[in-house]
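A note on names: the letters A, B, ... follow the listed sequences, proteins ahead of strands, and every chain is numbered from 1.
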Amino acid sequence: MLASAVVQAELAASGDLEGLSKKQVKKLVSQQTTERAQALAEQIADAVRATGRFASVEAVNGYINLSYDAATVARDLLGEVLGADERYGHAPSGTHPGKVMIEHSQLNTHKAAHVGHLRNICLGVAVTNISQAAGYGTMPATYIGDIGRHVIQCLWCYERFHAGEEPASTGSRGRWLGDIYAESAARLSYRKELLAFLNRVIQEDDAFVEAIDRMLKLLWQTRPEGEDIAYLLGCVSNRNDIDPARLGDAELMVRFWPIVGEQLLVERDTPAPEDTRSPQGEPNGTGPAMTADERVAEWSRLNERIDWWPHVDVWEQEVKATFQRWETKEPAFVELWETTREWSLIELREIFDEFGATFTEWFYESAVEDAGREIVKDLLTEGIAEISEGLPVVKIDEKLGLERETYHTMPILRSDGTTLYATKDLALTREKFVDYGVDTAVWVVDVRQSLYFDQIIKILELSGFEQAANAVHLGYEFVTLPSGAISSRKGNAPMLEDVRNAVLQRASAVIEEKNPTLDAETRAKVAWQVGIGAIKYTMLARDGNKVILFDPEEALSFDGHAAPYIQYAHARACRILEHAGLSLDDARSKVASIELSEPAPEELALLQELSELPGVVQRAAAEYRPLYLTNYVYDLAKTFNDFYHACPVLKSEDPVKTARLSLVAATRVTLRNGLAMLGIEAPIEM
RNA sequence: GCGCCCGUAGCUCAGUGGAUAGAGCGCUUGCCUCCGGAGCAAGAGGUCGCAGGUUCGAAUCCUGCCGGGCGUACCA
């Protein structure tokens with residue numbers, strides 16, 4: 001910048017720029033800038049060198065590289081690191097004024113947690129730790145989904161099909177409830193699922209459509225009245241979606257289904273002689289068309305539960321009735337809810353303990369329903385909300401006078417009077433600012449809810465609650481599997497518990513192979529540190545706006561850019577210090593006498609890296625991005641490994657030995673502190 | 001349609017307007033009589049999606065395209 005200004009001024013002064021266009025001037029200036037910059041850099045370097053404050057001053061490519069005196073830097077920096085010990089990297093509390101509440105790990109009762117929740121927990125814990133370390137007044141909070149449709153569904157399914165079957169052990173009842181929830185979802189979505197399959201076959205399979213006439217005639221033989229059959233025929237031959245409400249006879253599908261199966265089997269076993277159609281599927285398809293084998297497999301899967309078909313609409317009615325039992329607070333139902341809720345909470349607390357999530361506040365959805373209804377009432381009387389088609393909504397764009405659709409319209413209560421997520425969040429968000437006096441309220445929630453949170457903020461602002469502008473949504477992208485997006489409907493989401501168990505088992509096996517001399521107790525502990533650390537690191541070492549592709553194979557690999565690499569560097573440093581018999585106090589007392597007359601490049605690189613933790617922590621906290629810290633600890637571990645291979649420590653002679661031992665001691669402290677902020681433990685051996 | 005996000009090595013990803021764009025995995029080749037080989041060194045592998053613009057300077061900022069993901073009134 002300086003150089004270009006100088007060049008331009010010089011050229012202007014000499015009159016070379018006269019009569020040239022702006023573009024020509026730029027080109028001329030640009031051509032001469034690099035050369036001039038180097039000349040300027042050399043001049044400046046000479047001047048700086050003369051001050052004698054730097055060990056070396058070099059001008060390279062128009063840049064000036066300064067070197068400090070290594071021994072001075074080493075004494076100051078290592079003294080600071082070893083003196084602060086566990087506080088190195090931490091700013092004094094109160095460095096940043098104001099209280100920030102970080103809400104994360106919004107787990108549900110009555111429903112199992114999956115790998116997607118893992119990202120939330122890991123992110124929430126790390127953001128909280130980093131915020132604290134950076135000197136913000138930090139309040140971690142969780143918000144448990146202990147009421148809502150999923151709970152009602154689960155309890156309906158429990159009472160209807162599983163009452164009295166609960167396992168004896170209290171510890172496994174939460175998981176058991178989660179399975180019941182999954183069953184309820186499968187039951188209630190059965191018609192949708194079956195029709196989705198049938199509609200897809202109709203779209204993709206010409207042979208099926210051609211055969212439908214014959215199939216329906218077969219069906220007609222068993223059931224002469226044929227209005228429903230005519231409807232089915234119409235849908236299929238016109239390739240329209242089937243609406244179950246138009247089928248008067250719920251048993252019809254049960255009788256039709258085996259015929260569908262027969263047709264699909266025939267198609268599988270007699271491949272079309274000339275398939276002139278493209279095998280790549282239809283233009284509107286969701287991916288490539290299913291193969292004949294896949295169709296048969298899917299048909300069989302659905303066929304196992306075909307007796308569910310006639311009952312689904314009744315079940316839906318029952319779930320609605322169950323919702324009403326909650327709304328009227330029927331004592332027996334409330335008691336059932338309390339009991340089962342506690343079963344789940346026991347396991348949620350275990351998950352939180354394991355992943356290092358602690359909270360100063362626990363919020364429950366069930367506790368903010370009433371406050372939410374009050375807010376809805378207020379919004380209606382103030383004219384901010386209105387009833388549209390029987391539904392209380394806020395037409396946000398209209399109220400803000402926006403021409404373009406931006407915040408859309410948000411329903412704030414169901415038309416039957418039951419509460420929505422939004423009902424409760426309106427109340428809770430207010431509460432955070434008013435009752436807890438926070439200055440910033442952070443939601444750590446999946447990015448798919450970003451419009452939702454914008455709506456909450458705008459509605460609160462419309463109601464005159466201006467602090468809502470200080471609520472921030474820390475969104476993160478979801479976790480997908482190599483096989484495709486996680487969907488609880490498809491049931492392909494690995495459960496949090498299963499992932500945890502698999503990784504721990506793998507960690508234990510690796511340790512046994514790499515370090516067979518460890519005793520069983522230590523091995524179990526280290527397996528836990530390494531396994532959980534590996535999970536956390538993979539969840540954090542990716543920017544929030546990137547989808548994490550969760551490959552179970554890769555998550556189980558402990559090589560390369562992963563937590564174990566960093567933990568290994570830490571254990572290695574510990575072992576060197578142990579061999580040297582150097583305690584932290586010893587190291588501290590020797591720092592002042594460090595000499596580095598001929599520092600190796602690896603030693604200087606390590607010093608440089610060590611000095612950067614405090615700055616990285618501040619940046620990670622300000623932007624709520626633990627990624628900066630995962631990158632930092634990895635770089636530090638890598639720098640340390642370079643140093644380790646290039647600079648023998650124990651076999652060197654004093655004064656080099658003292659300097660290197662101090663570097664090792666400081667690296668150990670810094671690695672441990674950095675990992676701790678990420679919620680990852682640093683084993684002393686592994 | 002509108003809005004948000006993504007596009008960097010075969011794959012998974014870093015990259016604070018600045019120097020020759022970097023890691024890991026995978027592939028090729030070396031290094032344990034030497035502080036712990038979960039490691040280190042070397043090699044191959046790039047039109048930073050495309051096209052304009054701003055700037056002395058753009059992977060980075062702006063605009064427009066292309067490709068993908070997500071969201072868009074009674075799910076959470």
Side-chain angles (χ1 to χ4, degrees), chain A residues 1-8 26-27 29-34 36-37 60-63 65 106 108 111 145 148-150 365 388-395 404-416 418 420-425 445-452 454-455 475 477-478 480 485 510-511 513-515 530 538 541-549 551 554 557-569 571-580 615 619 623 627-628 630-631 634-635 638 641-642 644-652 660 664 685-686:
Chain A
M1 208 161 95
L2 175 65
S4 71
V6 170
V7 170
Q8 183 148 9
K26 225 165 91 176
K27 198 174 168 194
V29 170
S30 174
Q31 278 170 352
Q32 301 189 17
T33 296
T34 311
R36 193 72 182 92
V60 183
N61 294 345
Y63 289 81
N65 295 340
Q106 302 88 340
N108 295 316
K111 194 175 177 181
R149 172 146 289 170
H150 69 280
E365 283 188 41
S388 168
E389 296 167 33
L391 181 70
V393 299
V394 178
K395 295 185 172 171
R404 189 183 296 163
E405 55 172 352
T406 309
Y407 300 107
H408 304 82
T409 294
M410 178 176 236
I412 52 177
L413 196 67
R414 286 201 189 91
S415 48
D416 64 3
T418 58
L420 291 163
Y421 211 72
T423 319
K424 296 169 257 192
D425 253 333
V445 180
D446 189 326
V447 74
R448 279 175 284 196
Q449 262 95 70
S450 59
L451 172 61
Y452 166 84
D454 285 344
Q455 291 173 324
E477 277 289 353
F478 46 92
T480 62
V510 172
I511 292 162
E513 179 201 327
K514 306 258 186 192
N515 197 349
V530 170
T538 48
R542 196 145 277 114
D543 202 63
N545 53 23
K546 290 266 173 59
V547 175
I548 290 186
L549 185 114
D551 184 345
E554 194 143 320
S557 153
F558 297 145
D559 294 327
H561 190 167
Y565 176 90
I566 303 152
Q567 291 171 317
Y568 187 78
R572 180 178 260 170
C574 289
R575 181 54 55 94
I576 294 172
L577 296 171
E578 186 190 321
H579 282 310
R619 200 159 68 94
E623 296 178 40
L627 171 67
Y628 296 142
T630 58
N631 285 348
Y634 175 73
D635 288 341
K638 196 166 182 54
N641 276 334
D642 286 345
Y644 169 86
H645 284 278
C647 307
V649 177
L650 297 177
K651 274 176 284 178
S652 60
R660 290 184 177 169
V664 174
E685 56 181 341
M686 60 189 279

Q: Take A/Thr409 and A/Tyr628, find for each the nucleotide of RNA chain B with the closest heavy atom, and name the residue whose nucleotide sits nearer the 5' end.
A: A/Tyr628
Q: Give a yes/no on whether any side-chain N or O of A/His561 is located under 4.0 angstrom from OP1 or OP2 of B/rG22.
A: no
Q. Partners of A/Thr418 by side chain to side chain donor-acceptor pair (under 3.5 Å), sequence neighbours excluded?
A. A/Arg414, A/Asp416
Q. Taking atom C1' of B/rA76 as reference, at what distance in whole Å does atom CD of A/Gln106 sit?
A. 11 Å
Q) Can you name the residues that form a salt bridge (charged side-chain N to carboxylate O under 4.0 Å, His left out) with A/Arg149, not counting sequence neighbours? A) none
Q: Not counting sequence neighbours, which residues clear salt bridge (charged side-chain N to carboxylate O under 4.0 Å, His left out) with A/Arg572? List them please.
A: none
(Q) Measure NZ/A/Lys651 against P/B/rU33 and give the value in whole Å, please. (A) 12 Å
(Q) Using whole Å, what does the distance between atom C1' of nucleotide B/rG22 and atom CG of A/Leu627 come to? (A) 14 Å
Q) Just how far, in rounded Å, is C1' of B/rC75 from CG of A/Asp425? A) 14 Å
**Q.** Spacing between A/Leu420 atom CG and B/rC74 atom C1', to the nearest angstrom
**A.** 6 Å
Q | Dot-bracket encoding of pairs in RNA chain B, which uses [ ] for pseudoknotted crossings and | for another strand, Watson-Crick or G-U under 3.5 angstrom | A | (((((((..((((....[...)))).(((((.......))))).....(((((..]....))))))))))))....
Q) Got a sec, which residues hit salt bridge (charged side-chain N to carboxylate O under 4.0 Å, His left out) with A/Lys546, two or more places apart in sequence or on another chain? A) none
Q.
Show, in sequence, the C-alpha distance, side-chain angles and deciding distance for A/Asp559 and A/Tyr565, and conclude whether the side-chain hydrogen bond (donor to acceptor under 3.5 Å, both in side chains) test is met.
A. CA-CA 7 Å; A/Asp559 294 327; A/Tyr565 176 90; over 6 Å; no
Q: Not counting sequence neighbours, which residues clear side chain to side chain donor-acceptor pair (under 3.5 Å) with A/Tyr407? List them please.
A: none
Q. Nucleotide by nucleotide, 5' to 3', does protein get under 4.0 Å of the base (B), only the sugar-phosphate (S), or neither (-) in nucleotides 38-43 of chain B, counting heavy atoms?
A. BBSS--
Any N/O pairs under 3.5 Å between the protein and nucleotides 19-21 of chain B? List them or say none.
unit_1, atom_1, unit_2, atom_2, d
B/rA19, N1, A/Asn65, OD1, 3.2

Q: For A/Asp446 and B/rC75, give me the distance from atom CG to atom C1', rounded to whole Å.
A: 13 Å
Q: Mind checking A/Glu623 for me? I need base, sugar-phosphate or nothing, with any heavy atom below 4.0 Å counting as a touch.
A: nothing
Q. Rounding to a whole Å, what distance do you find between A/Phe478:CZ and B/rG69:P?
A. 10 Å
Q. Are the side chain of A/Arg660 and the backbone N or O of A/Pro648 linked by a donor-acceptor pair below 3.5 Å?
A. yes
Can you pull every protein N or O that's under 3.5 Å from an N or O on nucleotides 1-7 of chain B?
unit_1, atom_1, unit_2, atom_2, d
B/rG1, N2, A/Glu405, OE2, 2.4
B/rC5, O2', A/Asn545, O, 3.3
B/rC6, OP1, A/Asn545, ND2, 3.2

Q: Output all residues satisfying side chain to side chain donor-acceptor pair (under 3.5 Å) with A/Asp543, sequence neighbours left out; order by chain, then residue number.
A: A/Asn545, A/Arg625
Q.
Looking at A/Arg149, I'd like to know whether one of its side-chain N or O atoms comes within less than 4.0 Å of OP1 or OP2 on B/rC75.
A. yes
Q. Considering residues at least two apart in sequence or located in another chain, which fulfil the ring-ring contact (aromatic ring centres under 6.0 Å, His included) criterion with A/His561?
A. A/Tyr537, A/Tyr634
Q) Got a sec, which residues hit salt bridge (charged side-chain N to carboxylate O under 4.0 Å, His left out) with A/Glu405, two or more places apart in sequence or on another chain? A) none
